Amino acid sequence: MITESADIQKILRQKFPQIAESGLQQEIIEVGKVMHFKPWEIIMDFDSYVKMIPLIVSGSIKVSREDDLDGREILLYFLGEGETCSLSFTCCMMNKKSIIRTQAMEETTIIGIPIKYMDLWMSKYQSWKNFVMQTYESKMMDLVKSLDSIAFESMDTRLVKYLQARVDNTGSTLIQATHQEIANDLNASREAVSRLLKKLENAGEVELGRNQIKLLK
DNA sequence: ACATTAAGTGATT
DNA sequence: AATCACTTAATGT
């Protein structure tokens, strides 16, 4: 458990070197709330009002979108250590309801920043502005790539990229998920995922187990 | 031992 | 590539 302000300071230096400006760092320590989430716990759901900007300290978060018609869900991108939820920015600036769902993929710790500081810090601290802009750009790229992937790529490359993204995000080559869950993320059928994974296993790229996949390459 | 859930497979569209 | 129908394997009670 991380609660001491000295700990927060240490975390900021380690995980968020971009926003190490001393005054800013002090303010984050004062107003930031450290929060923990368990695997699968939903941090923010559709239609809820965004009131905190999360700085992700450890763990990883899945950002997804739900289809209005049949309630199917599609993965947009993952967020990892040292990042923040870029869509939160626009959402809370406009005071709009969330159009996305964010869900912890594993034990995840964040520092929550109340929205009122967002605006203030943008003009007050150069490093904050840069941090916001830089993560915004980075996630926008992920989003575009994800769109390209859905539109132009076949299931097998989409699956490989998905596995790679999860590994990159968690820093672990072991992915804990059922084929069904992966299929939901990719909006594919479970059978298709199972078959493609089997192919990857035969090609020596992964090792399959119940509820888990190990990436070998 | 039995029930439940995950994964593998062939056939059909 | 989706769906169906069914089998096999792993796991929980």
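Sequence lines set the chain letters: A, B, ... in the order given, protein chains first and strands last, and positions in each chain run from 1. Side chains included, hydrogens not; waters and symmetry mates left out as well; all remaining heavy atoms used. This one's a predicted model, so the numbers in the text were calculated from it and none came from an experiment.
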Nearest whole Å is fine: how far is [N] [atom2] from [X] [atom1]?
{"X": "Met155(A)", "N": "dT3(C)", "atom1": "CE", "atom2": "P", "value": "13 Å"}
{"X": "Gln212(A)", "N": "dA7(B)", "atom1": "CD", "atom2": "P", "value": "10 Å"}
{"X": "Leu159(A)", "N": "dA2(C)", "atom1": "CG", "atom2": "P", "value": "12 Å"}
{"X": "Gln176(A)", "N": "dT11(C)", "atom1": "CD", "atom2": "C1'", "value": "15 Å"}

Protein-nucleotides 6-9 of chain C N/O pairs closer than 3.5 Å?
none

Both Asp156(A) and Asn211(A) contact DNA chain C. Which one's nearest nucleotide lies toward the 5' end?
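Of the two residues, Asp156(A) wins.
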Stretch residues 191-201 of chain A: residues that reach within less than 4.0 Å of DNA chain B through a heavy atom:
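Those residues whose heavy atoms fall under 4.0 Å from DNA chain B, taken from residues 191-201 of chain A in numerical order, are Glu191(A), Ser194(A), Arg195(A), Lys198(A).
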Strictly by salt bridge (charged side-chain N to carboxylate O under 4.0 Å, His left out), give each pair with a member in residues 142-159 of chain A just once, sequence neighbours left out.
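Output for this query lists Lys139(A)-Asp142(A), Glu153(A)-Lys161(A).
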Are side-chain heavy atoms of Lys33(A) and Ile111(A) found at a separation under 4.5 Å?
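A side-chain contact under 4.5 Å is absent here.
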Taking only residues two or more places apart in sequence or in another chain, which ones pass side chain to side chain donor-acceptor pair (under 3.5 Å) with Asp185(A)?
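Once residues adjacent in sequence are excluded, the partners of Asp185(A) under the side chain to side chain donor-acceptor pair (under 3.5 Å) criterion are Lys62(A), Tyr162(A).
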Side chain to side chain donor-acceptor pair (under 3.5 Å) against Lys124(A), all qualifying residues, sequence neighbours excluded
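Counting only residues at least two positions away or on another chain, Lys124(A) forms a side chain to side chain donor-acceptor pair (under 3.5 Å) with Glu27(A).
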Going by distance alone, is a donor N or O of one side chain under 3.5 Å from an acceptor N or O of the other, for Glu106(A) and Ser60(A)?
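Side chains of Glu106(A) and Ser60(A): pair found under 3.5 Å.
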dG8(B) OP1/OP2 closer than 4.0 Å to side-chain N/O of His179(A)
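Yes, because at least one side-chain N or O of His179(A) sits under 4.0 Å from OP1 or OP2 of dG8(B).
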Run the salt-bridge test on Asp45(A) and Arg101(A) with the 4.0 Å N-O cut-off and return the result as yes or no.
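Salt bridge: yes.
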Check for a donor-acceptor pair, side chain of Gln14(A) on one end and backbone N or O of Ile11(A) on the other, with a separation under 3.5 Å.
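Side chain of Gln14(A) to backbone of Ile11(A), a donor-acceptor pair under 3.5 Å: no, none is there.
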For Ser189(A), which contact category applies under a 4.0 Å heavy-atom criterion: base, sugar-phosphate, or nothing?
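Ser189(A): base contact, heavy atoms under 4.0 Å.
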Would you please name every residue forming a side-chain contact (heavy atoms from CB on, under 4.5 Å) with Ser98(A), sequence neighbours left out?
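Partners of Ser98(A) by the side-chain contact (heavy atoms from CB on, under 4.5 Å) criterion, ordered by chain and then number, come out as Met44(A), Ser48(A), Val50(A), Ile100(A).
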Under the side-chain hydrogen bond (donor to acceptor under 3.5 Å, both in side chains) criterion, do Ser64(A) and Glu73(A) qualify, and how do the steps go?
CA-CA 7 Å; Ser64(A) 59; Glu73(A) 209 175 319; 2.7 Å; yes
Counting side-chain heavy atoms from CB outward, which of dA2(C), dA7(B), dA1(C) is closest to Ser154(A)?
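That would be dA1(C).
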